[in-house]
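Notes follow once the structure below has been shown.
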Amino acid sequence: MTGTVAENRIVRPYGDTTGDGMVQMSFTLPVPHDKRAEGAALQLAAKMGLDPAMLVHAKAMGPDFTFFVVYGRVTHLVDLSAVQVHEREYPLLSPKEANNAIKRTLRRKLVVLGACIGTDAHTVGIDAILNIKGFAGEKGLEYYREIKVVNLGAQVLVPDLVAASRAEKADAVLVSQVVTQRDAHLRNTREMSAAFRESYPSDKRPLLVVGGPRFDETATVGLGVDRIFGRGTTPGEVASYLVHALAERRAPS
Amino acid sequence: MPRSAPPDRKLDLDAATVRRARALARQAGRPLVRLARTHTTVSVERAVLRMAGITGADPDGIPWANRLVDAVREEVGLEHGVALPVWDAMRRGRHGDLTELAQKASTGGAQLRIPEGRDAQAAGAAARRQVAGGIATIDRRRREREGMLRRIGDAPRQPWIYLIVATGDIHEDIPQAQAAARGGADVIAVIRSTGQSLLDYVPEGATREGYAGTYATQENFRLMRAALDDVSRELGRYVRLTNYASGLCMPEIATLAGLERLDMMLNDSMYGILFRDINPIRTFVDQRFSRQVHARAGIIINTGEDNYLTTADAVEEAHTVTVSQLLNEYFAKEAGLEDWQLGLGHAFEINPEVPDSFRLELAHAMLARELFPKAPLKWMPPTKHMTGDVFRGYLLDGFFNLVGAMTGQGILLVGMMTEAVVTPFLSDRDLALQNVRYVLDAAGNLHEDFHPRPGGFIQTRAHQVLDEAVALLQRIVDEPGQGALLDAIADGTFGLMKRPPDKGKGYDGVVRQADGYYNPATELLEGIKR
């Protein structure tokens with residue numbers, strides 16, 4: 001049986017029999033519950049490719065909304081050979097895995113320095129990544145036993161950032177940029193990366209990471225940084241990246 | 001706010017151990033109360049001005065309260081408080097009101113000074129009169145609530161069902177909140193925009209854009225309370241409104257909540273320090289003032305113990321919840337809050353894969369219930385072990401509701417099966433309320449029949465957690481240095497975070513009081529006669 005599954009490039013959802021194509025879904029329509037509402041739910045199901053569709057549950061939620069549960073056979077096929085997976089360049093680690101990896105590769109705490117630079121006073125981004133409170137249900141980097149976080153806060157001057165990086169022997173410098181007026185985020189980032197290149201030999205320079213909602217994640221070379229994170233990045237992604245990148249750096253030597 | 005039935009003593013807790021736990025909490029907290037009495041902060045001083053009626057903001061959106069406090073600080077320092085220099089200037093100059101004075105002061109045209117002798121007495125008396133006007137409004141709001149509870153009626157039972165709305169737009173929040181109330185919610189909480197806790201000012205006006213929440217502003221408070229008053233009359237039960245007195249503007253937000261008749265406020269003694277890296281001294285000074293306001297306004301506070309369990313293991317660290325509850329109780333009572341105002345927090349966060357996880361949850365919830373028999377405990381749903389499998393999450397929420405029903409919780413935050421997936425759909429909220437209603441209707445009186453076996457698993461576990469809590473409190477009290485709890489916070493005793501007293505956000509807004517410091521609000525709230 002396993003052989004046929006591997007060879008079978010076309011699959012359908014599985015309810016209780018191979019090939020039955022059965023799925024379930026639930027949704028709400030902004031209409032009062034009556035016969036017409038139920039008809040509307042079946043129309044939506046049909047347009048989504050359910051044929052036949054069974055309306056198994058409909059319930060009024062207040063005077064203006066109706067909630068539906070629908071079961072049905074989807075007419076769509078899934079072509080496994082056409083599935084595209086976007087590979088992240090690093091594996092996602094849990095905090096525990098990240099801590100263990102740091103212990104193994106660094107044999108000391110990983111030091112992360114964070115700041116908003118320039119006139120930017122929006123620390124929401126850097127705080128979401130660093131504060132233990134975290135973001136999107138994930139704890140911030142402070143939560144990681146093996147990461148030492150130094151958060152310099154807002155409106156940090158680039159020379160101060162470099163000095164702090166030296167004083168703390170930072171492994172990575174995280175900079176958040178929210179304000180994009182006249183491309184301030186790009187200018188600030190270039191100024192920052194240039195300052196680090198000037199004051200560190202290239203093999204000793206900390207990882208430079210910037211984040212913010214308006215960055216192009218592929219622009220690392222132009223901005224002189226190691227990694228760019230965009231909107232919606234979680235602390236776990238940043239931690240996983242840092243572990244991966246630092247391990248890779250050490251590997252050649 | 002009488003509870004339906006006083007909880008029986010089911011855990012056979014040792015009365016001497018309970019007394020000892022309270023005595024240690026007092027010992028740990030007392031140095032911080034001393035600190036709070038001898039310091040002030042920019043936010044406490046701004047709250048004084050807000051009580052006296054200052055409103056509005058400059059064209060950049062910076063409130064006049066901030067502008068005036070900044071001007072006082074720059075010209076004469078904050079060591080004496082804002083009241084004396086501000087009302088001295090009001091007496092000497094021709095300023096229509098505080099807002100006008102703030103406008104002049106922000107351009108250096110107010111000629112502030114620290115008055116002395118008779119001038120100081122006159123300025124103090126004028127300040128006290130004007131602040132008393134604000135406190136009279138807070139008193140009126142409290143009587144208004146009490147009157148509505150009598151006339152319209154209260155929630156039909158406890159636990160009160162607590163639901164969150166958070167669209168970012170106050171005009172979207174309002175219909176959602178009204179729909180939630182119609183669906184059965186007794187308490188509506190409007191979550192704040194991400195990052196508001198770190199703003200050192202309170203935004204102005206009705207706001208339509210927030211990130212993952214809606215800004216707490218006086219106008220937003222007013223709009224939402226008015227909308228809930230309408231729906232309260234429609235439903236024949238008073239629907240309570242909750243917001244957050246936390247972060248850098250705790251005292252001001254507490255004041256605005258009192259002025260606009262909010263009913264409950266999140267207000268934890270250590271949350272900002274541990275989870276937001278706010279300076280510890282700033283937090284304790286701000287917190288004491290905000291709790292004095294809450295006490296006066298008849299507001300129920302909700303503490304944040306659930307947060308510890310989202311970072312630490314809910315079994316191993318269960319006793320830290322108890323320790324925090326005891327500390328929150330001490331600080332709250334010292335500030336004048338009564339038992340019925342203490343919504344002490346705890347949460348259903350044990351990993352469901354742990355054997356006997358439900359029995360452990362029951363033991364922990366019963367311990368909180370019996371340690372604080374008169375407090376309306378706030379019971380928080382699972383978040384950490386909600387995986388995105390919404391079906392399993394719905395079952396977990398059902399078990400959470402069952403513990404709530406069996407242990408006489410006062411406030412039950414409704415768990416969403418889409419926790420950690422999306423902001424709840426309308427249907428998620430409806431399903432979650434059905435879950436709560438089913439469990440409360442089916443098992444609401446189960447506590448009458450439920451008596452854990454003497455010396456059995458549940459009793460033993462509760463005793464163990466209490467003993468561990470006492471041991472931790474003892475360690476805190478034994479810390480070298482004079483600050484006990486402050487030193488423990490600096491050492492990372494709580495939630496792994498090391499938070500030294502001279503670090504963290506908002507430290508630059510802390511000022512040691514000079515001789516002759518005067519704060520009419522504190523004086524009035526503490527009932528000191530002149």
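So you know, we letter chains A, B, ... as the sequences are listed, proteins then strands, and number each from 1.
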Check whether [X] gets within reach of chain A through its side chain, its backbone, both or neither, counting any heavy atom under 4.5 Å.
{"X": "B:L199", "result": "neither"}
{"X": "B:Q196", "result": "neither"}
{"X": "B:F425", "result": "neither"}
{"X": "B:L198", "result": "side chain"}
{"X": "B:R276", "result": "both"}

side-chain contact (heavy atoms from CB on, under 4.5 Å) evaluation trace for B:L426 with A:F67: CA-CA 9 Å; B:L426 187 73; A:F67 176 65; over 6 Å; no
Check ion pair B:R499-A:E142 (N to O, under 4.0 angstrom): yes
SB check B:D430 A:K59 (cutoff 4.0 Å):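 A:K59 and B:D430: salt-bridged.
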Determine whether more than 12 heavy atoms belonging to other residues, nucleotides or ligands lie under 6.0 Å from atom [atom1] of [X].
{"X": "A:R36", "atom1": "CZ", "value": "no"}
{"X": "A:M48", "atom1": "CE", "value": "no"}
{"X": "A:Y71", "atom1": "OH", "value": "no"}
{"X": "B:Y438", "atom1": "OH", "value": "no"}

Straight-line distance of B:K503 NZ to A:N151 CG, nearest 0.5 Å: 12.5 Å
Counterpart residues, ring pair (Phe, Tyr, Trp, His ring centres under 6.0 Å), relative to A:F68 (two or more places apart):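 Residues passing ring pair (Phe, Tyr, Trp, His ring centres under 6.0 Å) with A:F68: A:F27.
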Verdict with supporting geometry, B:L274 and A:I132, side-chain contact (heavy atoms from CB on, under 4.5 Å): CA-CA 8 Å; B:L274 300 177; A:I132 191 163; 5.8 Å; no
